[in-house]
Amino acid sequence: MSPPLALPHLNRVATAVPEHDVHLAFLGFARTLLEDDRARLVFDRMAERSGIAHRYSNFRPGSLEAGEVDADGFYRRGAFPSTGARMRLYEPFARTLALEAIGRLGLEGETDRITHVVVASCTGFTAPGLDLQIADRLGLKATVGRTMVGFMGCSAAVPALRLAYDTVRADPRARVLMVNCELSTLHLQETSDLETVLSFMLFADGASAALITADPVGLALEDFRSEIVPDSAGLITWRIGDQGFDMHLSGKVPGRIAGALRGDGEQPCSLLRGLPAGAYDLWAVHAGGRTVLDAVEVGLELDPTRLRHSRAVLHEYGNMSSATVMFVLARILAGQDGSRGIGMAFGPGMVAESFRFRRAG
């Protein structure tokens with residue numbers, strides 16, 4: 001008889017953001033992009049209702065009076081940088097931020113035991129990749145297993161976590177370092193399209209580092225499930241353009257999420273595994289925006305307190321793409337409340353990724 005598979009645990013999570021809070025500066029800049037008073041009125045109303053107070057970036061805010069976008073002149077009005085120029089900054093910025101998050105994870109004396117590195121990022125490309133750069137800086141063994149999870153958007157943390165889960169299930173001696181690093185502000189566009197400007201208001205930079213092992217500490221990871229929401233492929237898109245990556249985030253996304261969670265289609269939603277929402281007292285939902293969190297709350301008829309951790313992350317950091325749900329898990333790990341939880345994230349496709357977990361012990 002085969003021995004039972006190991007139960008993977010998310011032992012701990014650490015997070016990091018760049019030093020510059022750019023949210024208020026962006027609100028001022030965004031109004032200068034919009035060409036009429038009606039668009040500016042709509043933008044101001046949405047900004048007030050966004051639930052976001054802070055967003056962080058590697059770029060220092062510029063002076064609007066001086067016509068600056070950022071203080072270092074990377075973004076110049078009428079001459080925004082090429083994708084190549086943005087990628088040349090992605091490499092050092094991503095490496096620095098990822099290593100800062102890893103440094104806060106407290107791996108001193110443990111790095112020689114790391115067997116695998118999983119990195120998720122959708123905001124940049126470089127080779128050798130961030131996985132190899134991390135292995136080199138940490139002095140990991142030359143035999144360390146490495147995987148890059150790329151261009152899966154906001155939901156990428158869940159497939160990355162599932163990969164770590166599968167690795168530990170297959171080998172209980174495995175110790176997986178998982179890193180999410182996103183530099184969303186590298187893809188600012190100069191546009192007067194209101195929907196695009198509103199999407200820029202959500203996104204920010206951030207990184208997380210997590211340790212997943214068979215050690216019964218932290219959160220026990222129970223299972224994973226993915227669902228493709230029918231007839232929604234064009235609602236969230238993320239394509240490489242000549243001046244950065246072009247994000248399209250339709251205003252129909254929240255309604256489609258709420259409908260899918262209610263089971264409005266031909267097939268009922270299976271993310272809750274057939275259990276009532278009340279079976280879960282911990283909710284790690286990707287903070288994609290206030291309307292996304294509202295849609296989850298309405299679609300599943302949740303008590304407003306259930307998404308408190310997600311709303312707190314949105315308020316303090318904005319949407320950091322794939323890193324965001326890891327910030328939510330970090331808050332859950334730091335608390336003592338609740339015992340059984342479910343995580344969710346939504347991304348291009350449109351896909352809904354989910355996983356269940358419970359407190360260890």
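One-based numbering along the sequence shown.
Across all non-hydrogen atoms, the minimal contact from Pro254 to Thr291 is CG-OG1, 3.4 Å. Between Tyr75 and Thr185 the shortest heavy-atom distance is OH-O, 2.7 Å. Of all the heavy atoms in Phe200 and His187, the pair that sits closest is CE2-O, 3.8 Å. Across Ser184 and Asn319, no two heavy atoms sit closer than the pair OG-O, 4.5 Å. Closest of all the heavy-atom pairs between Leu271 and Ala352 is CD1-CB, 3.8 Å. Annotation for Trp283 and Leu307: closest pair CB-CD2, 3.9 Å, computed over non-hydrogen atoms.
A distance of 7.5 Å separates CG of Leu7 from CZ of Arg169, quoted to the nearest 0.5 Å. Atoms CE and SG, on Met247 and Cys122 in that order, are 7.0 Å from each other to the nearest 0.5 Å. Between Lys252 atom NZ and Ile257 atom CD1 the span is 14.5 Å, to the nearest 0.5 Å. With values rounded to the nearest 0.5 angstrom, Met148 atom CE is found 6.0 Å from Ser121 atom OG. To the nearest 0.5 Å, the span separating CZ on Arg331 from CG on Leu329 amounts to 12.0 Å. If you take OG on Ser354 and CD on Glu227, they are separated by 7.5 Å, rounding to the nearest 0.5 Å.
Surrounding CD of Glu110 are more than 12 heavy atoms belonging to other residues, nucleotides or ligands, all under 6.0 Å away. The number of heavy atoms from other shown groups lying within 6.0 Å of CG (Asp337) is above 12. Within 6.0 Å of CD1 in Ile240 there are more than 12 heavy atoms belonging to other residues, nucleotides or ligands. No more than 12 heavy atoms of other residues, nucleotides or ligands shown are found within 6.0 angstrom of CE on Met46. Remark: Arg76 CZ is loosely packed, at most 12 non-hydrogen atoms of other residues, nucleotides or ligands lying under 6.0 Å away. Within 6.0 Å of CG in Asp231 there are 12 or fewer heavy atoms belonging to other residues, nucleotides or ligands.
The shortest side-chain heavy-atom distance between Asp70 and Arg60 does not fall under the 4.5 Å cut-off. Between Thr32 and Arg77, some side-chain heavy-atom pair lies under the 4.5 Å cut-off. Between Ile212 and Val118, every side-chain heavy-atom pair lies at or beyond the 4.5 Å cut-off. Contact annotation: the side chain of Arg359 approaches that of Ile332 to within less than 4.5 Å [non-hydrogen atoms, C-beta and beyond]. Counting heavy atoms from C-beta on, the side chains of Cys154 and Trp238 never come closer than 4.5 Å. Side-chain contact check for Arg358 versus Ser339: every heavy-atom pair is 4.5 Å or farther apart. In this structure the side chain of Thr237 never reaches within 4.5 angstrom of the side chain of Pro348, judged on heavy atoms. Side-chain contact check for Arg86 versus Gln243: some heavy-atom pair is nearer than 4.5 Å.
For Arg306 (side chain) and Gly278 (main-chain N/O), no donor-acceptor pair under 3.5 Å exists by modelled atom type. Remark: side-chain polar atoms of Asp36 are paired, donor with acceptor, to backbone N or O of Arg38 under 3.5 angstrom. Within the 3.5 Å criterion, the main-chain N or O of Thr147 finds no donor-acceptor partner in the side chain of Asp131. Proximity of a side-chain donor or acceptor of Glu222 to a complementary backbone N or O of Ala220 within less than 3.5 Å is not detected. The closest donor-acceptor contact from the side chain of Tyr280 to the backbone of Leu275 lies at 3.5 Å or more, if one exists at all. Between the side chain of Asn180 and the backbone N or O of Met326, no donor-acceptor pair lies under 3.5 Å. The backbone N or O of Leu211 lies less than 3.5 Å from no partner atom in the side chain of Arg12, so there is not a single donor-acceptor pair. Using modelled atom types, one side-chain atom of Arg225 and one backbone atom of Ser270 make a donor-acceptor pair closer than 3.5 Å. Judged by distance alone, with hydrogens and angles left aside, the side-chain atoms of Thr123 form a donor-acceptor pair with the main-chain N or O of Leu183 at under 3.5 Å. A donor-acceptor pair under 3.5 Å links the side-chain atoms of Thr83 to the main chain of Asp242, judged by distance alone.
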Test side chain to side chain donor-acceptor pair (under 3.5 Å) on Thr126 and Glu91 and set out the steps.
CA-CA 6 Å; Thr126 181; Glu91 183 168 354; 3.0 Å; yes
Could you go through Leu188 and Phe59, starting from their C-alpha distance and side-chain angles, then the distance that decides it, and tell me whether this counts as side-chain contact (heavy atoms from CB on, under 4.5 Å)?
CA-CA 11 Å; Leu188 182 64; Phe59 297 109; over 6 Å; no
Just do the side-chain contact (heavy atoms from CB on, under 4.5 Å) check on Phe346 and Val253 with the steps written out, would you?
CA-CA 10 Å; Phe346 307 92; Val253 167; over 6 Å; no
Test log, rule side-chain contact (heavy atoms from CB on, under 4.5 Å), inputs Arg173 and Thr115:
CA-CA 8 Å; Arg173 298 166 300 178; Thr115 60; over 6 Å; no
As a quick check of understanding, evaluate side-chain contact (heavy atoms from CB on, under 4.5 Å) for Glu182 and Thr324, giving each step before the final call.
CA-CA 9 Å; Glu182 303 290 9; Thr324 313; over 6 Å; no
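No hydrogens or angles considered: nothing links the side chains of Thr15 and Tyr317 as a donor-acceptor pair under 3.5 Å. Under 3.5 Å, the side chains of Ser63 and Glu68 contain no donor-acceptor pair of N or O atoms.
Hydrophobic cluster membership is shared by Met350 and Leu202, with clusters built from Ile, Leu, Val, Met, Phe, Trp and Tyr side chains linked at under 4.5 angstrom. Note on Phe43 and Leu249: same hydrophobic cluster, where clusters join Ile, Leu, Val, Met, Phe, Trp and Tyr whose side-chain heavy atoms are under 4.5 Å apart, directly or indirectly. Placement of Val13 and Leu314 in two distinct hydrophobic clusters is found when ILVMFWY residues are connected by side-chain heavy-atom separations under 4.5 Å, directly or transitively. Both Leu282 and Phe224 belong to a common hydrophobic cluster when Ile, Leu, Val, Met, Phe, Trp and Tyr are linked at side-chain heavy-atom distances under 4.5 angstrom. Ile342 and Leu333 are not part of a single hydrophobic cluster, where members link through side-chain heavy atoms under 4.5 Å apart.
Within the structure, side-chain hydrogen bond (donor to acceptor under 3.5 Å, both in side chains) pairs that include any residue of residues 19-30 comprise Asp21-His54, His23-Arg55 (at least two apart or interchain).
Ring pair Phe125/Phe151 is tilted by interplanar angle, where 30° to 60° counts as tilted.
By the 4.0 Å N-to-carboxylate-O rule, Arg239 lies too far from Asp246 to be salt-bridged with it. Between Asp112 and Arg175, none of the side-chain N atoms (NZ, or NE/NH1/NH2) sits under 4.0 Å from a carboxylate O, so this pair counts as no salt bridge. A salt bridge between Arg40 and Asp37 is present, with a side-chain N of the basic residue lying under 4.0 Å from a carboxylate O of the acidic one.
Taking the ring pair (Phe, Tyr, Trp, His ring centres under 6.0 Å) definition, one finds that His116 meets it with nothing, sequence neighbours left out.
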